[in-house]
Structure formats: C-alpha cells, structure tokens
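A short worksheet on the structure shown next.
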Amino acid sequence: MSALVPEAAVAPILPATPAFALSGVEFRWPGAQGFGLRVDDFAVTRGEKLLILGPSGSGKSTLLSLLCGVVTPQAGRVRVLGTDIVLLSGAARDRFRADHFGIVFQMLNLLPYASVIDNVLLPLRFSKARRARISPGASESEEARRLLSRLGLEAKLHDGPPAASLSVGQQQRVAAARALIGAPEIIVADEPTSSLDRERQQAFLDLLLQEAGRVGATIVMVSHDESLRPHFDRAVPLERVAAISWQP
Amino acid sequence: MIVGRLALKSLLNRWPTASLTIFGIAVSVMLLMGVEKVRNGARQSFADTISGTDLIVGARTGDVQLLLYSVFRIGDATNNIAWKSYGEIAALPEIAWIVPISLGDSHRGFRVMGTTTGYFEHYRYRQGQGLAFAAGVPFADLFDAVLGADVAAALGYRLGDAIIVGHGIGSTSFAPHDEKPFRVAGILAKTGTPVDHTVHVGLEGIEAIHVDWQTGARIPGRTVDAEQVRRMELAPKSVTAAMIGLRSRLDAFQLQRLINEYKEESLSAILPGVALQQLWSLVGTAETALAAVSFMVVLTALLGMVTTILATLNERRREMAILRSVGARPATILGLLTAEAAMLTGSGVALGAALLYTVLSIMRPVVDSRYGLYLPIEAPSAADLAALAAVLGGGVLAGLFPAIRAFRLSLADGMIVKT
Ligand SMILES: Nc1ncnc2c1ncn2[C@@H]1O[C@H](COP(=O)(O)OP(=O)(O)OP(=O)(O)O)[C@@H](O)[C@H]1O
Ligand SMILES: [Mg+2]
C-alpha cells in the first residue's frame with residue numbers, strides 16, 4: 001500500500017463544525033461550452049436555512065452538484081460537516097452523500113414505476129447511518145408514513161398507484177419525505193417549488209422547512225424566485241457566492 | 001437486493017418492450033435447442049437405419065456405395081454376387097442367418113427388392129426394433145408383394161390390389177409386363193427407414209419378371225405369360241447383396257477379411273455401423289451449417305435486446321440521476337442495467353426451453369410418423385445446459401455495453417438532467 005497519500009477519512013461531526021465550508025474552489029464542466037464556477041470562500045453554519053438566488057443558467061444547479069459531491073472541482077476544498085469530500089474516493093463520496101444529504105429536485109423527483117412508499121424508503125437502502133437514525137421502536141415504513149402524513153399526503157396514496165400517477169404537488173411532497181427520512185444533517189433543494197402554483201409553493205415550503213427544523217437540519221435551497229426570501233434565515237445572490245466564467 | 005428489485009420494477013414498467021424482447025430471445029433459444037435436438041435425432045435415426053445386421057456383402061465396391069444401394073436404395077450395384085458364391089458364404093459355420101437382396105427393378109418410382117421372408121424377420125432398425133405388418137402377411141406366392149408404408153400411402157394400395165412391376169428403374173418403368181401382375185399380400189408399418197419406400201417380392205418373383213429378358217433387353221418374339229412362368233425353373237443366378245447375422249459378433253472382422261479375400265470373385269463385406277458413420281461424416285456438414293444459423297439467430301436476439309436497452313437509456317437518465325442523488329454509486333447503476341439484461345436473457349432462456357418442450361411434445365408423434373425422426377423427450381443434456389448458460393452469459397456480457405454507457409452518462413450528468 002502506498003503511504004505517500006494519507007487515506008482521506010470522514011471527520012467526526014462536532015457541534016461547532018460548519019455544514020459547508022468551501023475555499024478556493026474552481027470547477028468547469030467538460031465540453032465545448034465549458035461553463036465554470038469559482039468559489040473563493042463560502043460557509044454555511046449548522047442548522048441555517050439558506051436561500052441562494054440567481055437567474056436561469058447562472059450556475060445554481062452546478063453549485064449544488066458541487067456541494068453534494070456529485071461532481072468534484074478541479075481545485076479547492078469542499079468541506080461538508082468537516083470532511084473534505086474532494087479527497088474522498090468516489091465510492092466514499094457516494095456513501096457520504098447517502099448518509100448526510102437529502103436532495104429535492106425541481107421536478108420529476110421520483111422513480112415513476114415504484115410506489116410512493118418505496119420511493120420514500122429509497123435512501124435507507126443506500127445508507128446504514130440513516131437506517132440507524134429511524135426512531136427506535138418504529139419500523140422504516142411506519143416512519144415513512146408518518147413523514148408523508150405530516151407533509152399532507154393521504155394514507156391511501158402511500159402504497160397505491162405508482163408515483164408517476166400523482167400530481168406534481170403530491171410528487172414534490174413525496175420527494176420532501178424522501179429527503180427527510182433518516183434525518184440527514186443537510187437538505188439540498190434545487191428549485192423544488194418552481195413547478196407549483198404560488199399558493200402551493202407557500203404550503204410546501206412551510207412544511208419542508210418545519211420538518212427540517214424539527215430535526216435541526218441545515219437547508220440550502222436555490223431559486224430564481226425572490227418572493228421566497230421571507231421563509232429563510234439568510235438569502236444571498238449567487239454572484240456573491242461564486243464567480244462564473246466561460247471557456248474562452 | 002435493492003438493485004434486483006429496482007431492475008425488475010423498471011422492467012415491469014416497460015413490459016410491452018420487455019416481453020417482446022424476452023419472446024425474441026425465447027424463440028431464438030428454442031431454435032438453438034430445437035436444432036440441436038433435431039441434429040441428434042437425425043444422427044440417431046440415421047445410425048438406427050439398420051441394426052442387428054453384422055455384415056453386408058456385395059460385389060467389390062466402396063463401403064459407402066455398398067451401404068447406399070443395399071440399405072438406402074440409392075444408386076446401383078455395378079456387379080452382382082453369383083448364386084454359387086452366395087451359397088458358399090451362407091454355408092459358413094459362423095453365420096447365424098443370411099438374407100439375400102436383389103435390386104434393379106421399380107414400380108412407379110419405388111424400388112422393387114427381391115428377398116426372402118427372412119428379411120421381415122431379421123431386418124432391425126431403431127435399437128433392434130423389428131418390421132411389423134400394418135396389414136397382411138409376408139409374401140408366400142410367387143406373385144405376392146409386400147409394400148413399404150410410404151409406397152402404400154403414396155399410391156393408395158390396399159391388400160389384394162394388383163400391381164405391375166417393370167424392369168429397370170425410373171418413375172414410370174418402360175415396358176411393363178401386364179401379363180405378370182403382382183398382388184399386394186402385406187403392407188408394413190411405418191419405420192422411418194428406406195424400407196418404407198420399397199416394394200418387397202420373393203427372389204423368384206424377380207426371376208419371373210426377367211424370364212423373357214436377356215441382359216436387360218427384351219428378346220423379340222418371346223413372351224411368356226404368368227402361368228407358363230409358374231412351371232419354369234426360377235432359381236436365381238445371382239443376387240445384389242446379402243445381409244448377414246453372425247453367431248458371435250467377435251467373428252465380424254475375421255469374416256469380413258475372409259469375404260474380402262474371396263477367391264472366386266471380388267466381393268466386399270462391410271460393417272453397417274462403421275459405414276453409416278462414414279456416410280454421416282459426409283452428409284453431416286449440413287448439420288453444422290444449421291447449428292451456425294441458429295447461433296446467428298441467438299446473436300441477433302441478443303443484439304435486439306441491447307438495442308432496446310440502449311434506446312431506453314436517454315429517457316432513463318432522470319432515473320439514474322435520482323438514484324445517484326439518494327446515494328447510489330455509479331457501480332449500482334452499472335449493476336442495475338446488467339441485472340436488467342440478465343433478467344431479460346434469463347426469462348428468455350427459461351421461456352425458450354419451456355416452449356421447446358411444449359412444441360416437442362405436440363409435434364413428436366407427427367414428426368416420427370411423417371419424417372421417421374424419433375425425438376426423445378428427456379431432461380436437457382449437459383451440452384444443452386452448457387448452451388443455455390452460454391446464452392445467458394452472452395446476454396449479461398452484451399448487457400454490459402448499455403450498462404457502461406449508462407455509467408458514463410450518470411457520471412457526466414451529475415444531478416442535472418434537462419428533461
Ligand atoms: N452536465 C453538464 N455538462 C456540461 N455542462 C453543463 C452540465 N450541466 C449544466 N451545464 C452548464 O452549466 C451552465 C449552468 O447551468 P446550471 O444548470 O447550473 O444553471 P441553473 O442556474 O441551475 O439554471 P436553471 O435555472 O435553468 O436550472 C449551463 O450553461 C449549462 O449548459
Ligand atoms: Mg438548475
């Protein structure tokens with residue numbers, strides 16, 4: 001075994017460690033267009049509810065991909081809960097994401113052929129840590145049903161038709177339940193409300209934030225919608241977080 | 001395992017394409033195994049054309065040629081065995097039985113063979129099965145004939161019908177002898193051997209046809225009618241070949257050498273089993289071609305599967321991104337797609353085998369009676385299982401191709417899929 005590179009390890013999570021701490025990050029998508037991001041210094045404290053605002057195409061989703069470790073930067077450090085995920089092996093990074101992240105996309109969040117309950121249980125299949133965090137005495141599916149009911153999804157839909165037959169609003173609630181199950185420390189949401197009408201946006205956000213707050217999760221959400229500001233502790237424009245550039 | 005369950009659900013969700021793909025693989029597998037069955041059946045049927053006969057003797061000729069005209073009624077003997085030589089061989093102490101056969105005439109396209117009633121007793125096929133009469137009895141009278149099953153069926157003959165035997169071979173014999181009609185005394189049961197295409201008469205019957213012929217041409221001004229023939233001396237002067245059964249099979253080689261070195265005239269003796277194998281090695285190349293074709297069909301079916309999986313990949317990039325977001329590793333995506341290919345191929349193989357046995361059990365009696373091809377229904381042989389395993393392995397291997405593509409896509413897409 002090579003002793004030159006020390007094995008990157010997952011750091012213990014102390015109460016004071018920030019949820020995210022990025023420094024000197026440089027990332028560029030491969031390909032001709034070559035959209036790139038530079039993040040000099042950016043931090044999110046534990047338990048914070050943060051909204052990042054930016055117009056379409058400004059790189060919001062790219063930033064979230066970096067935060068989740070789905071892509072890795074060409075330079076810099078992306079520390080999540082004290083662990084530099086850039087140094088982790090691909091497999092370890094995937095496990096880290098499964099253990100600590102709940103992710104909600106803009107739309108089409110669900111496996112269309114699986115039932116609602118199976119969709120919610122999915123993260124538990126990939127993370128022992130999240131299975132362990134299910135409250136003792138409750139089964140996994142009981143926990144899933146509890147979350148779904150809190151998010152306002154009627155019990156008859158839980159094992160009913162495949163997820164694809166639900167309305168968009170219902171699908172987003174299922175996605176929220178999936179992000180929340182097993183109480184991950186971080187919830188990341190990529191414009192989860194943009195496909196809902198204004199009234200439902202408010203209701204959905206309230207539920208999501210309330211449930212996340214219950215377990216003390218950190219929330220990072222991106223959106224182009226300024227009107228969402230009041231729900232969050234802090235709202236920053238993307239250009240204050242990252243400098244974007246294109247391949248010359 | 002979650003990967004297997006997801007792959008299964010995803011497949012069920014796309015059941016119309018999935019079931020067509022499975023069906024395509026099933027049909028190709030059925031073809032592959034079916035061809036193998038028919039191959040083995042044909043080889044076995046062929047080897048079983050004649051059994052229980054230890055030696056066949058004819059005039060000096062090639063082994064395969066002697067087998068062809070004496071057993072398969074294909075081609076002609078260049079020479080005959082003199083009746084005197086036949087008698088000397090028949091008198092050898094090692095011989096348990098000997099049956100002469102005399103060829104060279106035909107009836108409406110079917111070969112006529114002169115022999116003795118011993119033929120019906122000693123001719124054996126398919127693991128020692130004897131000839132059975134569907135109707136009637138062996139010939140007793142000079143002008144009695146026994147028909148093979150196909151002759152009777154093709155020409156619509158029944159017991160007691162009169163038939164005309166002509167000299168020479170051709171679909172319509174020239175110069176038929178209306179004055180010497182034969183009577184159908186017996187009809188044999190179907191055997192799936194050349195016996196079915198043969199008209200059997202007594203050796204004397206063959207002589208009777210030829211009394212007013214000399215060296216194959218009619219002697220002008222000399223016609224003899226049936227009643228006159230009956231009063232004539234009809235001992236045969238020669239026979240075409242003879243089938244021999246030995247008291248001890250161990251004597252076969254020694255007797256073969258003895259006959260091959262016979263002083264009075266040049267004779268050949270062959271061991272039917274050995275000659276059948278030689279002949280099969282000649283005609284057997286066709287079976288290899290058949291096997292190659294069915295192999296190509298399997299390949300086509302697997303290619304079809306890869307194509308359908310590849311076609312779904314684009315619409316399933318979303319699915320991959322979702323799985324990645326909940327913590328699935330790219331390796332899981334690879335496993336998912338490979339599992340899908342394995343399930344498709346596995347179901348195809350299982351369905352194909354089931355189809356084959358169903359078709360086999362339905363078709364078997366028809367194939368046996370119509371083509372004389374006996375296809376036993378037995379558990380898949382080790383070779384069958386190996387072939388099925390190879391198809392399954394091939395399917396999984398082929399499935400790796402779209403799987404690796406999905407793996408690459410899921411790496412490149414990250415979490416952002418614009419759909
Ligand atoms: N997988 C990818 N490969 C290459 N380039 C990409 C990829 N994903 C995004 N990009 C590029 O990165 C740039 C920023 O896209 P991104 O999706 O991060 O913006 P966004 O702010 O989320 O936009 P939207 O509001 O439309 O979701 C775009 O120009 C896009 O072409
Ligand atoms: Mg986006």
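As the structure is a computational prediction, the values presented were derived from the model and not from experiment. A, B, ... follow the sequence lines: proteins, then strands. Residue 1 opens every chain.
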If you count heavy-atom pairs within less than 4.5 Å of chain B, which of A:S127, A:A114, A:P123 leads? A:P123

Scan for salt bridge (Lys or Arg N to Asp or Glu O under 4.0 Å) pairs involving residues 375-402 of chain B, sequence neighbours excluded, and state none if there are none. none

Tell me if the CZ atom of B:F295 is crowded by more than 12 foreign heavy atoms within 6.0 Å. no

I need the minimum non-hydrogen distance between A:A98 and B:V326, along with the two atoms involved. CB-O, 3.8 Å

Can you pull out every salt bridge (Lys or Arg N to Asp or Glu O under 4.0 Å) where at least one residue sits in residues 340-350 of chain B? Sequence neighbours excluded, please. B:R14-B:E340, B:R316-B:E340

Check whether A:R130 gets within reach of chain B through its side chain, its backbone, both or neither, counting any heavy atom under 4.5 Å. neither

Is there side-chain contact between A:V188 and B:S325, with heavy atoms separated by less than 4.5 Å? no

In terms of heavy-atom contacts, does CZ of B:R43 have more than 12 from other residues, nucleotides or ligands at under 6.0 Å? yes

Can you see which heavy atom on B:R324 is nearest to which on A:R97, and at what distance? O-NE, 3.1 Å

Portion of A:L110 that has a non-hydrogen atom of chain B nearer than 4.5 angstrom: backbone

Out of curiosity, A:S89 OG to B:R329 CZ, how far, rounded to the nearest 0.5 Å? 8.0 Å

Would you compute the distance between atom CG of B:N13 and atom CG of A:L111 and round it to the nearest 0.5 angstrom? 10.0 Å

Would you indicate whether B:F23, at its atom CZ, is surrounded by more than 12 heavy atoms from other residues, nucleotides or ligands within a distance under 6.0 Å? no

Got more than 12 heavy atoms from elsewhere within 6.0 Å of CZ, B:F401? no

Closest heavy-atom contact between A:F105 and B:A321? CZ-O, 4.1 Å

Would the number of heavy atoms belonging to other residues, nucleotides or ligands and lying under 6.0 Å from CZ of A:R133 be above 12? yes

For a quick test of reading the model, state the closest non-hydrogen atom pair linking A:F126 to B:T332 and the distance between them. CE2-CG2, 3.8 Å

When you look at CZ of A:R145, are more than 12 heavy atoms from neighbouring residues, nucleotides or ligands closer to it than 6.0 Å? yes

Side chain, backbone, both or neither: which part of A:D118 has a heavy atom under 4.5 Å from chain B? side chain

